[in-house]
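Notes follow the structure.
Bear in mind the structure is a predicted one, so any value in this text is a computation, not a measurement.
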Amino acid sequence: MPFQHPEEIGYGYVIERYAARKDSSHARYLVLKSGRFLRPEWPHAEHFARHLIDDSATITDVELEALLGYEWRSRLTAAWLIGVGRRATFRERIGDLLLASEFCFSGSAYCFALARFGTHADAEILTAYLDHYLPRTDLRYDQPAALGALLRLDAHLGTNHADRFTQPDGLWDQWVNALAHLRDHPAYTPVELRRWTDLQCDFANGWSRSSPPNPSLDRPADSVS
């Protein structure tokens, strides 16, 4: 897909305003990538979350498109804002970007957004992604995040899209076991991938513009995507 710097369309400010914004000692995109905002002991959690929620409500569709049209930092940030704000009008755009897999890191944020939308259409996008990329055992893209999101949607929708991927010796096992050091790695089990997606979505569900974060969130495992 073509991409361009937001400056080229008159929205150069969105990088500093949304992606590089510092609500802690780190740029927002780095905090989102690391998942440190999910750790209850992180001292900047409340400040970070409140600004993320506010921006997800106030950012315009045009500003989001400007972010989605650039590189991984801006795309990751945009996808998180879309997911937190449940901007379901971006479903097709997010799905196209996920399937294209042009940049590292941003794909896990697309999966989060689809999990937040929570519909059968989102499950179909994730299923199509896994159908395409799980057989490619040489590619380490966003298969873990996609499976975690699909497992959450299956539980929410009462469907079983993920079953054929997670059956013993199925596509998921084959993809994981293609690298010897990942075999039996606890972070790559379907249960753990679902837990990680749940943590992300529960974080978004547990916040409003007038409420504190959900104190019951467990400390997450290191990101596997």
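Phe37 pairs by the ring-ring contact (aromatic ring centres under 6.0 Å, His included) definition with Phe48, Trp80, Phe203, not counting sequence neighbours. Partners of His132 under the ring-ring contact (aromatic ring centres under 6.0 Å, His included) rule, at least two apart in sequence or in another chain, do not exist in this structure. Take His156 and apply the ring-ring contact (aromatic ring centres under 6.0 Å, His included) test, not counting sequence neighbours, and it matches no residue. Taking the salt bridge (charged side-chain N to carboxylate O under 4.0 Å, His left out) definition, one finds that Arg164 meets it with Asp131, sequence neighbours left out. Remark: Asp163 engages no residue in a salt bridge (charged side-chain N to carboxylate O under 4.0 Å, His left out) (not counting sequence neighbours). Listed by chain and residue number, nothing satisfies the ring-ring contact (aromatic ring centres under 6.0 Å, His included) test with Phe90 (two or more places apart in sequence, or in another chain). Applying the side chain to side chain donor-acceptor pair (under 3.5 Å) rule to Asp173 yields no partners; only residues at least two apart in sequence or on another chain are considered. The side chain to side chain donor-acceptor pair (under 3.5 Å) search around Asn177 returns none, not counting sequence neighbours. Under the salt bridge (charged side-chain N to carboxylate O under 4.0 Å, His left out) criterion, Asp138 pairs with Arg136, not counting sequence neighbours. For the side chain to side chain donor-acceptor pair (under 3.5 Å) test, residues two or more places apart in sequence or in another chain that qualify with Ser74 are Glu71.
Under the 6.0 Å cut-off for aromatic ring centres, His47 and His51 qualify, their centroids lying closer than that. Between Trp72 and Phe105, the ring center distance clears the sub-6.0 Å criterion.
Aromatic ring orientation, Tyr133 versus Tyr129: tilted (interplanar angle from 30° to 60°).
Trp175 places no side-chain N or O within donor-acceptor distance of the main-chain N or O of Gly170, the cut-off being under 3.5 Å. Looking at Glu102, its side chain never comes within 3.5 Å of a backbone N or O of Leu98 through a donor-acceptor pair. Counting only distance, with no hydrogens or angles, the side chain of Thr159 and the backbone of His161 share no donor-acceptor pair below 3.5 Å.
Using a 4.5 Å heavy-atom threshold, the side chains of Val84 and Ile53 count as touching. A heavy-atom distance below 4.5 Å is not found between the side chains of Val176 and Arg183. Within the 4.5 Å cutoff, no side-chain heavy atoms of Gln167 are placed close to those of Trp172. Two residues are said to be in side-chain contact when any heavy atoms from C-beta on lie closer than 4.5 Å; Tyr188 and Leu179 fail this criterion. For the pair Asp61/Glu65, no side-chain contact is recorded, criterion being any heavy-atom separation below 4.5 Å from C-beta on. Residues Ile82 and Phe117 form a side-chain contact, since some pair of their non-hydrogen atoms from C-beta on lies under 4.5 Å apart. Residues Leu114 and Leu150 form no side-chain contact, since every pair of their non-hydrogen atoms from C-beta on lies 4.5 Å or further apart. Side-chain contact check for His44 versus Val31: every heavy-atom pair is 4.5 Å or farther apart.
Applying the salt bridge (charged side-chain N to carboxylate O under 4.0 Å, His left out) rule to pairs touching residues 107-130 yields Arg91-Asp122, sequence neighbours excluded. Counting only residues at least two apart or in different chains, salt bridge (charged side-chain N to carboxylate O under 4.0 Å, His left out) contacts with residues 6-23 comprise Arg17-Asp55, Arg21-Asp23, Arg21-Asp55, Asp23-Arg28.
Across all their heavy atoms, Ala78 and Leu64 have their closest contact at O-CD2, 3.9 Å. Across all their heavy atoms, Gly118 and Leu157 have their closest contact at O-CD2, 3.5 Å.
Taking OG of Ser106 as the reference point, atom CG of Asp142 lies at 7.0 Å (rounded to 0.5 Å). From His5, atom NE2 reaches atom OH of Tyr11 across 15.0 Å, with rounding to the nearest 0.5 Å. Atom-to-atom distance recorded for Trp196:CH2 and Cys111:SG is 13.5 Å, nearest 0.5 angstrom. Interatomic distance, Leu68 CG to Arg93 CZ, rounded to the nearest 0.5 Å: 5.5 Å. Distance check: Phe103 CZ to Leu97 CG gives 9.5 Å after rounding to the nearest 0.5 Å. Once rounded to the nearest 0.5 Å, the distance linking CG of Asp54 with CD1 of Ile59 reads 12.5 Å.
For Arg87 and Thr89, the side-chain atoms include no donor-acceptor pair closer than 3.5 Å.
A side-chain contact (heavy atoms from CB on, under 4.5 Å) with Arg194 is found for exactly one of Val191, Asp198, Thr197, namely Asp198.
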